[in-house]
Amino acid sequence: MPEGPTVKKWATMAGQFLGRKVLRTGGNTKRVDLQILQGLYFSDIQVHGKEMFMKFASDSSEQSSVQVWLRYHFGMWGTLRVNELKTISNSTLYRARYIQDPKPRLVLSFGEEEFLAFYGCSVQQVDAPLLDNENDVLRDSFNIEKSSSFLRQEKPVCHLLLDQRQFAGVGNIVKNEALYSARLHPMQLGSTLSSEKILELVEAAGNIAKKWAKDGTPYSPLAGLNIYCKKTCPLGHKVQREMLDHGEFTRITYWCSWCQPLQPTAPSTEFAEQVQVTETSGEKSPKTWLSEGSSKWPVVILKETSPGSNLYA
Ligand SMILES: [Zn+2]
């Protein structure tokens with residue numbers, strides 16, 4: 001799935017056509033009126049998390065009589081090509097799945113052989129971009145305090161990090177790398193982490209995403225990854241690879257059982273105060289819940305944390 005840094009790079013590529021008039025449109029989208037875009041000027045582009053927003057207007061003024069915003073979400077396999085169409089020959093994935101060239105969802109032509117071609121994405125017309133600068137990990141305004149509070153939930157950190165409501169732009173690669181950087185087991189419950197460890201994780205996610213946006217390339221992950229798709233970690237330990245089941249955030253997850261052991265850590269001070277309140281209503285504390293195991297999340301064995309041991313049931 002394209003993550004925030006990749007979408008940001010695509011927006012930069014698309015930005016070369018800012019101020020240009022849309023001469024022709026095409027594609028198999030059924031959710032956008034292609035006719036309405038023709039003759040409008042591409043006047044703005046913004047990225048929020050994994051979503052891209054493009055504005056088209058009848059002229060360059062803010063009071064332009066016609067203004068159209070399109071929202072793109074690239075899903076698992078979506079992509080943007082500039083001045084080229086995706087073909088069977090340049091796509092291993094599509095070569096395996098299709099016998100003909102993939103059909104673009106939307107094509108915006110700005111001149112002879114100058115165009116943007118969107119594939120495999122969801123595109124729709126919206127009134128305006130939906131931006132929350134405090135939850136976009138790529139923005140300087142990303143709210144670390146708010147994100148830290150969000151992580152104090154009785155849910156696995158690998159689940160929480162992928163929640164776009166608070167970590168917009170974080171995808172599976174940033175998730176895996178941030179967890180390794182903070183030496184956290186992916187199924188560790190956020191409510192068991194110390195404030196220092198939570199801060200370390202939040203900062204790691206932001207730093208990795210920003211480094212990727214700065215140094216990465218448009219169609220491949222950041223170079224020099226530590227754990228994602230690796231057989232061994234930087235210290236030479238065997239990397240675990242498993243499709244961890246956590247609802248809508250189920251993804252292949254990589255971790256090192258030596259460097260990232262599952263810790264039965266006590267809740268942080270702040271969370272303990274909160275738990276005291278809930279315990280009066282008969283609810284269990286996170287520590288009790290974790291040590292007993294639960295059918296809610298598949299983490300039940302806490303004693304064995306050495307490589308090769310069965311951490312999951
Ligand atoms: Zn290791």
Side-chain angles (χ1 to χ4, degrees), residues 1 3-6 137 144 147-148 151-163 167 169-216 220-246 249-268 286-287 290-291 293 297-313:
M1 173 184 285
E3 304 189 26
T6 296
V137 293
I144 290 178
S147 303
S148 298
L151 282 176
R152 297 179 196 284
Q153 297 185 57
E154 273 186 59
K155 294 179 180 176
V157 283
C158 65
H159 171 140
L160 295 168
L161 272 182
L162 288 179
D163 195 321
F167 291 95
V170 171
N172 205 31
I173 296 175
V174 172
K175 175 199 82 177
N176 280 286
E177 292 296 314
L179 289 172
Y180 182 78
S181 175
R183 299 296 191 265
L184 277 173
H185 191 284
M187 296 305 282
Q188 191 79 40
L189 299 184
S191 55
T192 67
L193 302 179
S194 67
S195 298
E196 292 74 20
K197 188 53 78 174
I198 283 181
L199 182 61
E200 188 180 347
L201 178 60
V202 171
E203 290 185 339
N207 291 339
I208 291 165
K210 285 175 180 168
K211 179 173 172 48
W212 187 356
K214 178 172 170 284
D215 301 336
S220 59
L222 179 66
L225 297 177
N226 287 317
I227 199 86
Y228 182 78
C229 281
K230 300 293 183 186
K231 291 186 175 174
T232 58
C233 79
L235 299 183
H237 308 130
K238 185 175 184 295
V239 168
Q240 309 294 309
R241 175 185 186 276
E242 201 164 318
M243 184 72 85
L244 296 183
D245 179 13
H246 35 106
F249 301 115
T250 298
R251 300 284 188 279
I252 292 177
T253 299
Y254 299 82
W255 75 98
C256 170
S257 295
W258 280 108
C259 298
Q260 301 164 263
L262 189 61
Q263 302 280 4
T265 314
S268 61
K287 190 177 180 183
L290 183 62
S291 60
W297 303 108
V299 183
V300 294
I301 300 174
L302 296 176
K303 293 177 183 174
E304 298 178 279
T305 55
S306 60
S309 65
N310 181 15
L311 290 167
Y312 302 95

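As the structure lists them, so they are numbered: ligands from 1, and atoms in each ligand from 1. Atoms considered below: every heavy atom in the structure, side chains included; atoms not considered: hydrogens, waters and symmetry mates. Keep in mind the model is a prediction, meaning the values are calculated, not measured.
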Inset, instruction - Under the side chain to side chain contact (heavy atoms under 4.5 Å, CB included) rule, collect the residues that match up with Leu160, sequence neighbours excluded. - result: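 Testing Leu160 for side chain to side chain contact (heavy atoms under 4.5 Å, CB included), a comparison that skips the adjacent residues, returns Phe150, Leu151, Gln153, Lys155.
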
Inset, instruction - For Ser147, enumerate each residue passing the side chain to side chain contact (heavy atoms under 4.5 Å, CB included) test, keeping only those at least two apart in sequence or located in another chain. - result: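 Side chain to side chain contact (heavy atoms under 4.5 Å, CB included) list for Ser147, sorted by chain: Phe142, Gln166, Phe167, Val202.
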
Legend entry - Glu177 (side chain) donor-acceptor with Ile227 (main chain) under 3.5 angstrom: yes

Inset, instruction - Check whether any side-chain N or O of Glu200 sits under 3.5 Å from a backbone N or O of Glu196 as a donor-acceptor pair, and report yes or no. - result: no

Legend entry - Partners passing salt bridge (Lys or Arg N to Asp or Glu O under 4.0 Å) against Lys211 (at least two apart in sequence or in another chain): Asp215

Legend entry - Heavy-atom check, side chain of Arg152 versus side chain of Leu193, under 4.5 Å: no

Legend entry - Polar protein atoms (N, O or S) that approach the Zn ion (ligand 1) to under 2.8 Å: Cys233 SG, His237 ND1, Cys256 SG, Cys259 SG

